Every structure is written in C-alpha cells, then in structure tokens.
Amino acid sequence: MTLHPTAEKIQGKFPEAFVSSKEWRGDLAVTVKKAAIVPVCRYLHDDPEMDFDYIIHVSSVDYPEDEARFEVVYEFYSLRRRQRIRIKARVTEEDCAIDSVTGIWKGADFMEREVFDMMGVRFNHHPDLRRILMPDEYDEGYPLRKDFPLAGKGWRDTFEFITEGSRKKAT
Amino acid sequence: MTTDAKQKAGESAAEHSGAGVPVPNRTLPLLRTEKLMLNMGPQHPSTHGVLKIILDLEGERVIKATPVLGFLHRGVEKLAEDGTYHQFIPHTDRLDYVCAMYNNFAYVRAVEKLLDMKVPDRAEYLRTIVAEVQRIIGHLFWLGSQALDIGAMTVFFYTFREREVLLDFFDDLCGARLTTSWYRIGGVENDISPKLIGDLRKFLENFNEKLDEYNALLETNRIWLARTKNIAVISAEDAINFGLSGPTLRGSGVDYDLRKYEPYGAYDKVQWDVPVGKNGDTYDRYWIRILEMKESAKIVKQCLDQLPAGPYMVEDPRVTLPPKDKVFTNLEHMIRQFKLFTEGFRTPPGEIYCGTEAHKGELGFYIVSDGSGKPYRLKIRAPSFIHMGAFDYMARGYMIADIVTIFGTYDIVMGECDR
C-alpha cells in the first residue's frame with residue numbers, strides 16, 4: 001500500500017522514529033516512537049511544507065493487553081493547507097512518560113494536563129503538570145484507565161453530604 | 001511582570017483614561033506593596049457556572065491568573081464507554097447545556113463518519129436549520145449575559161425576549177427547550193411541520209431589526225466601549241498557537257470556520273460569509289457574534305426556501321429504529337428494536353476525529369471503536385476547556401473587573417469545560 005504523501009515525508013525525515021501510518025475515513029494517522037515526539041512535532045509545526053500550526057487536541061487511549069499500554073494521540077491542523085493529521089505514540093506502563101509539546105503549541109498545556117489527570121501519562125518538561133479536572137488531593141488513580149471501575153473506588157462514599165440511602169453497599 | 005504584560009497593561013490603562021477613568025499615579029509612595037492573592041469563584045455569578053480563578057494581584061492589576069477547573073466534572077467520557085452509541089446522545093445535551101442541539105449535531109456527525117453513512121438531503125437541511133437557530137440562541141444568550149456582566153442589564157431582557165421565541169420553537173419541534181436530544185444517528189427525530197416553518201419565517205422577518213435594537217443599546221455605549229475595546233487582546237499567531245476556535249479565533253482575524261473549510265450539512269448549498277475581526281479584542285468578538293447572527297438568519301431563510309422533500313431519517317437497518325406500528329405486529333421488527341436498544345449497533349473497528357463548528361468554537365469528537373456496540377474511547381474536544389488554557393495569557397495585565405469580561409468573551413459554559 002502506498003503511503004500518504006505527508007506520511008512519506010515524515011518517514012523520509014525520521015526513518016528511525018516512523019512506525020506506521022494509516023488512512024481511514026479520510027483521517028491520516030501516523031504512529032511514531034515516543035522518543036521522537038518533540039522533533040516530529042517541531043518538524044510538523046515549523047516546516048513550511050507541513051505548517052501544522054493549529055493544535056486540535058491531545059488525548060490518550062488505554063489498551064491494557066498491549067505491551068506498550070497507553071497511546072498518546074495528538075491531532076493537528078494546517079490552517080493554510082486545510083489538512084488534518086493525527087500523530088500517535090505508544091507509552092509503556094513502567095515508563096509512563098512522554099516529552100511535552102508545550103514548547104511548540106502553548107495550547108497543549110491544558111490538554112496534556114488532562115491526559116495526565118485522566119490516564120496518568122506524565123509529560124516531561126511540562127511547566128505545570130498537576131491534576132486539572134479531578135481534585136488535587138485525589139489519589140485513587142486515573143479514572144479513564146480501563147481497570148478503573150465506572151462507579152469509582154469508594155472515595156465518593158466518604159463524602160458527608162451523601163445520604164445513607166445513596167451510599168454504595170459495603171463490599 | 002513581563003514586558004508583554006506591561007505593554008498590555010499600558011494599553012489598557014490608556015483606554016481607561018480615554019474613557020475618563022483616572023489612571024493611578026505610580027510615582028506616589030505606596031503604603032503597602034505586597035502582592036495579594038484573590039480567590040474568585042466558584043460561586044461567583046459571572047463565572048457562568050462553577051469556575052474558580054486564583055488571581056495574583058498587584059493593586060488591581062492581574063499579574064497571574066490560575067484557573068481551577070473540574071467543579072462540574074461528571075466523567076462523561078467514562079460514561080460513554082459504558083453505553084451504546086445511541087445512549088450517549090442525551091449526555092451530549094448536558095455538555096454545553098445552553099446549546100444542546102449543536103452538541104447533538106457534532107456527536108451524531110462523528111458517529112456517522114465512523115459508520116461512513118450518508119444522511120438524506122431533507123435531514124441535512126433540517127439539521128442545518130435547527131443548528132443555526134441554536135447558534136442564534138447561543139449568541140443571544142451570550143450577548144445578554146456578557147452585557148449583564150459588564151453592567152448593561154437592559155440588553156439581557158431584550159435578548160431573552162427573542163431567545164424565548166426560539167426556545168418555544170424547539171419546544172414545539174421536539175418537546176424540550178434545553179435538553180433536546182433531537183438529532184439521531186442517520187437523521188433527525190421528527191419532521192418539521194408547516195406551522196413551525198411559518199413561525200420561523202415570521203420570526204426571521206424582523207430579526208435584523210431586533211439586532212439593531214440591541215446594538216442601539218451597546219454599539220456607541222461609552223461604558224460598553226471602555227470595557228470591551230482593547231480588552232483581552234490576543235494576536236492571530238497566539239490564538240492559533242493556543243488552539244482557540246470560533247468567534248474567539250476569528251476576532252483575531254483568522255478566517256477559520258469549519259462550516260466553510262469542511263462543509264457539512266447544507267452549508268455549501270447556501271450563500272453566506274464568515275465574519276472576521278481585526279484587533280482581536282473583546283469588542284471585535286462581540287461584533288463578530290452580532291454579524292454571525294445575521295449570517296445564521298440568512299442561512300436559515302435560504303434553507304427554508306430550498307428545503308427538499310423526502311425522508312428525514314436514513315433507511316439503514318443498522319441504526320434506524322423500525323416504525324412503531326410494525327414493532328407491535330411484526331416479530332422481526334420487534335427483535336430489531338429490542339436488539340438496537342439492548343446491544344446497540346456494531347461499528348467497524350477504527351478511529352475517527354470529527355470537528356463541528358459549534359457557536360463557541362470547534363466541538364470535536366474523537367472516537368475509537370473496537371468493533372463492539374460501545375465506543376472503546378470517546379474524547380470530547382470542548383472549545384470552552386481549550387479557551388481556558390489561554391486565560392492566564394489573556395488576563396495578565398488587566399484589571400480585576402476585566403476578568404469577568406474575559407470569561408464572557410470566551411462564551412464559557414462549565415458543563416462543556418469540565419465534561
């Protein structure tokens with residue numbers, strides 16, 4: 001299968017970091033190695049041929065069965081060329097960290113904090129890596145991981161304002 | 001204070017002096033010089049929900065603003081993983097609860113992209129009409145509350161007068177005013193009646209005059225000008241870098257509107273323009289929203305004229321519910337109905353991102369499917385959340401009172417921000 005021209009350019013520029021590329025439903029997704037995420041993103045942002053100046057979102061997906069469990073997903077847009085691209089990088093559970101792209105897109109600050117809060121992926125060199133949606137003192141783990149139960153782990157039951165009737169039955 | 005912030009502060013001060021507000025003389029000896037930390041919210045009426053900001057102040061100037069989010073976090077993304085694709089539609093109503101229709105629209109579009117489904121023409125037109133009516137409602141709500149925050153209370157009553165008419169239109173259309181859940185995967189819930197079309201036409205006839213009424217109250221209002229001109233200025237370059245979207249981005253002069261860039265619905269079949277600002281200040285963003293309401297009215301009018309006949313729901317056994325009378329009389333239809341409600345429909349494995357231009361900005365859904373009847377992962381790209389990321393940058397150097405203006409200029413809704 002032939003590669004998308006943009007994916008081909010990324011592969012040409014970073015032959016070692018390029019893992020795979022897939023085009024589905026008109027979305028182009030390129031997987032790279034996590035060590036190269038900042039150089040790849042810098043290239044996508046700065047190179048006039050690429051010009052992906054707009055950051056759409058940073059997200060993460062949990063695949064508990066896989067060797068590298070977490071997938072960090074970045075989505076960029078080029079306002080001038082009107083093209084979207086999705087960059088993905090796998091992170092293992094043992095070394096659950098990836099370099100931050102806040103130096104390239106300032107908007108990545110809050111997006112990366114959300115990924116850290118929800119999935120527990122750390123971002124190296126992030127200026128202010130704290131929980132953002134969950135409370136600061138929350139220590140039950142990361143809610144969007146697949147092994148986190150939908151009903152929570154019981155912290156909510158310790159709230160005083162919850163009436164006896166709505167409390168979860170003791171297990 | 002950075003030089004950048006100083007410059008901003010200087011501009012802002014100059015503007016205030018222009019409006020007749022004296023600028024404090026900095027050469028006078030100050031009695032106390034320590035910095036002050038102020039907690040604003042989460043129970044502040046102008047925070048549009050429950051938003052807390054920790055302000056580091058030097059006198060009345062903001063030197064750092066730290067948003068504290070999450071007071072309305074309900075774990076919608078986690079809930080999505082536990083329900084079928086249909087079951088998530090009512091959850092989207094509660095994201096941006098001011099504009100439920102547009103959230104429905106953005107979500108069903110994303111699922112349709114995942115299924116690679118084409119929607120009938122009439123459904124596309126109906127969707128566009130209702131989405132634009134929702135945009136008008138959203139902007140009217142914004143205008144009223146922004147003016148109220150700044151101190152012009154009258155505008156609120158005027159805009160809510162028109163908003164009420166349109167909410168009644170929604171009420172007649174789907175039985176709900178705010179949490180509508182009217183969009184369906186593959187079409188819409190029900191057809192629009194000729195009476196409703198007549199109502200809508202009647203409303204649009206003199207809508208532009210209504211807009212002139214609001215503008216008469218604001219356009220040359222000295223207080224409004226002083227509180228919005230050169231406040232919360234952001235350059236086009238920075239706005240793009242922060243990922244801002246919608247009127248907040250277009251106010252800085254960036255012509256980015258997904259309705260034009262990646263047309264969906266019936267937007268490419270009607271004539272309309274994208275209003276773009278120049279200065280990137282609160283006033284430009286206000287003016288863009290006013291112009292957008294005019295454009296929306298134009299779009300709705302043209303769509304009503306062109307409205308084609310035909311089905312309003314796709315005929316696809318995967319997603320379409322069987323007709324109710326058949327469910328009671330035909331076994332196959334009853335089984336299909338049962339299976340759709342208990343298991344949902346299966347989607348091909350893969351992942352998509354679909355962005356939609358809601359009235360606040362780009363509302364996107366990133367869906368990962370593993371081939372089952374539930375989303376494996378559903379991520380919501382909420383414009384309000386991403387706009388809050390630029391809050392500190394935009395607030396530095398301005399006065400405490402301007403903070404309220406900046407919440408307003410994003411048109412922030414915490415339900416969407418915290419999800």
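Please read all numbers here as calculations on a predicted model, not as lab measurements. Below, read A as the first sequence line, B as the second, and so on, with proteins coming before strands; counting in each chain starts at 1.
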Any ion pair linking Arg25(A) and Asp116(B) (charged N to carboxylate O, less than 4.0 Å)?
yes
Between Leu150(A), Ile55(A), Leu79(A), Ile56(A), which shows the greatest number of heavy-atom pairs under 4.5 Å with chain B?
Ile56(A)
Between Arg145(A) and chain B, which part of the residue has a heavy atom less than 4.5 Å away: side chain, backbone, both or neither?
backbone
His45(A) vs Asn241(B), side-chain contact (heavy atoms from CB on, under 4.5 Å): CA-CA, chis, key distance, verdict
CA-CA 10 Å; His45(A) 181 268; Asn241(B) 205 268; 3.8 Å; yes
Thr66(B)/Arg130(A) under side-chain contact (heavy atoms from CB on, under 4.5 Å): CA gap, chis, key distance, verdict
CA-CA 12 Å; Thr66(B) 318; Arg130(A) 284 182 295 124; 3.9 Å; yes
Between Arg377(B) and Glu71(A), does any NZ, NE, NH1 or NH2 come within less than 4.0 Å of an OD or OE carboxylate oxygen?
no
Side chain of Tyr366(B), backbone of Ser60(A): donor and acceptor closer than 3.5 Å?
no
Please state whether the side chain, the backbone, both or neither of Leu258(B) comes within less than 4.5 Å of a heavy atom of chain A.
side chain
I'd like to know which of Asp136(A), Val73(A), Asp128(A) tops the heavy-atom pair count under 4.5 Å against chain B.
Val73(A)
Evaluate whether atom CZ of Arg94(B) has more than 12 neighbouring non-hydrogen atoms of other residues, nucleotides or ligands under 6.0 angstrom away.
yes
Any salt bridge linking Glu75(A) with Lys379(B)? Criterion: basic side-chain nitrogen under 4.0 Å from a carboxylate oxygen.
no
Keeping Asp27(A) on the side-chain end and Tyr353(B) on the backbone end, is there a donor-acceptor pair under 3.5 Å?
yes
Does the pair Leu114(B) and Trp24(A) meet the rule for a side-chain contact (heavy atoms from CB on, under 4.5 Å), with working shown?
CA-CA 9 Å; Leu114(B) 186 67; Trp24(A) 195 67; 3.8 Å; yes
Proximal component of Arg86(A), with respect to chain B [non-hydrogen, under 4.5 Å]
side chain
Kindly assign one of parallel, tilted or perpendicular to the pair Phe110(A) and Phe385(B), based on the angle between their ring planes and the thresholds 30° and 60°.
tilted
Considering heavy atoms only, which positions within residues 30-44 of chain A lie below 4.5 Å of chain B?
none
By a 4.5 Å heavy-atom criterion (distance strictly below it), what part of Asp82(B) contacts chain A: side chain, backbone, both, or neither?
side chain
Can you check whether anything in residues 88-107 of chain A gets within less than 4.5 Å of chain B, heavy-atom wise, and list it by number?
Lys88(A), Ile104(A), Trp105(A), Lys106(A), Gly107(A)
Side chain, backbone, both or neither of Ala29(A) within contact of chain B (heavy atoms, under 4.5 Å):
side chain
Interchain contact, Phe148(A) with chain B, by part (heavy-atom threshold 4.5 Å)
both
Out of curiosity, Ile386(B) CD1 to His57(A) NE2, how far, rounded to the nearest 0.5 Å?
8.5 Å
As an exercise, state the distance from CD of Glu77(B) to OG of Ser59(A), rounded to the nearest 0.5 Å.
7.0 Å
Can you tell me which of Gly75(B), Gly389(B), Pro67(B), Ala390(B) forms the most heavy-atom pairs within a distance under 4.5 Å of chain A?
Gly389(B)
Under 4.5 Å from any heavy atom of chain A, what part of Cys354(B) do you find: side chain, backbone, both or neither?
neither
Kindly compute the distance separating CZ (Arg82(A)) from CD (Glu262(B)), expressed to the nearest 0.5 Å.
9.0 Å
In this structure, are over 12 heavy atoms from other groups packed under 6.0 Å from Lys278(B) atom NZ?
no
Please classify the contact of Val58(A) with chain B as side chain, backbone, both or neither, using a heavy-atom distance under 4.5 Å.
backbone
Select, from Arg131(A), Met111(A), Arg113(A), the one with the greatest count of heavy-atom pairs under 4.5 Å involving chain B.
Met111(A)
Show, in sequence, the C-alpha distance, side-chain angles and deciding distance for Val254(B) and Tyr54(A), and conclude whether the side-chain contact (heavy atoms from CB on, under 4.5 Å) test is met.
CA-CA 11 Å; Val254(B) 184; Tyr54(A) 187 79; over 6 Å; no
If you count the non-hydrogen atoms of other residues, nucleotides and ligands that lie under 6.0 Å from CD in Glu140(A), is the total more than 12?
yes
Out of curiosity, Leu69(B) CG to Ile132(A) CD1, how far, rounded to the nearest 0.5 Å?
5.0 Å
Ranked by heavy-atom pairs below 4.5 Å to chain A, first place among Leu244(B), Leu79(B), Val68(B) goes to Leu244(B)
If you count heavy-atom pairs within less than 4.5 Å of chain B, which of Lys146(A), Met118(A), Met134(A) leads?
Lys146(A)
Quick one: what part of Glu81(B) sits under 4.5 Å from any heavy atom of chain A, side chain, backbone, both or neither?
side chain
